[in-house]
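Have a look at the structure below before the remarks.
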Amino acid sequence: MHISYDRDGDTAYVSLVARIPDGAAVRQVTVEGLAAEAEVVLDVDEAGRLLGFEVIGARAGLPAELLDRAAPTG
């Protein structure tokens with residue numbers, strides 16, 4: 001598992017596999033019910049397996065300790 005975080009955009013990505021090849025995520029599923037200020041989008045492969053997920057509004061939806069340890073992006 002790898003976590004990256006863009007502080008400027010307040011967006012985090014949690015990858016559940018070592019590497020997600022280009023085009024492997026064939027479907028994105030938006031999940032409701034986290035925090036009102038956060039949105040979660042799941043990346044799913046052709047077989048329906050979860051590859052990773054993006055959290056938009058990460059400060060509202062994820063623990064601060066997790067974001068502090070995340071690799072910076074952007």
Contacts of type side-chain contact (heavy atoms from CB on, under 4.5 Å), residue Ile20, not counting sequence neighbours: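 For Ile20 the side-chain contact (heavy atoms from CB on, under 4.5 Å) partners, ignoring immediate neighbours, are Tyr13, Ser15, Val17, Ala24, Leu51.
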
Pairs involving residues 15-24, ordered by first then second residue, that meet salt bridge (charged side-chain N to carboxylate O under 4.0 Å, His left out) (sequence neighbours left out):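 Those involving residues 15-24 do not exist here.
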
Salt bridge (charged side-chain N to carboxylate O under 4.0 Å, His left out) contacts touching residues 25-52 (sequence neighbours left out):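 Of all non-adjacent pairs touching residues 25-52, those that pass salt bridge (charged side-chain N to carboxylate O under 4.0 Å, His left out) are Asp45-Arg49.
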
Would you call [X] and [Y] a side-chain contact if the rule is heavy atoms closer than 4.5 Å?
X: Asp10; Y: Ile56; value: no
X: Thr11; Y: Val55; value: no
X: Val40; Y: Glu54; value: no

Steps toward side-chain contact (heavy atoms from CB on, under 4.5 Å) verdict (Val41, Val29): CA-CA 5 Å; Val41 180; Val29 179; over 6 Å; no

Gap separating the CZ atom of Phe53 from the CD1 atom of Ile3, nearest 0.5 angstrom: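 CD1 of Ile3 is found 7.5 Å from CZ of Phe53.
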
From CG (Leu67) to CG (Asp6), nearest 0.5 Å: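 Reported value, rounded in 0.5 Å steps: 11.5 Å.
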
Sequence neighbours excluded, every pair satisfying side-chain hydrogen bond (donor to acceptor under 3.5 Å, both in side chains) that has a member inside residues 56-72: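 Matches after skipping sequence neighbours: Tyr5-Arg59.
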
Nonpolar side-chain network containing Val26, other nodes, edges under 4.5 Å: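 So far as hydrophobic clustering goes, Val26 is joined with none.
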
For Ala38 against Gly57, the heavy-atom pair lying closest together: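 Where Ala38 meets Gly57 most closely, the heavy atoms are CB-O, 3.5 Å.
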
Trace of the side-chain contact (heavy atoms from CB on, under 4.5 Å) decision for Leu42 with Val31: CA-CA 7 Å; Leu42 308 177; Val31 177; 3.6 Å; yes

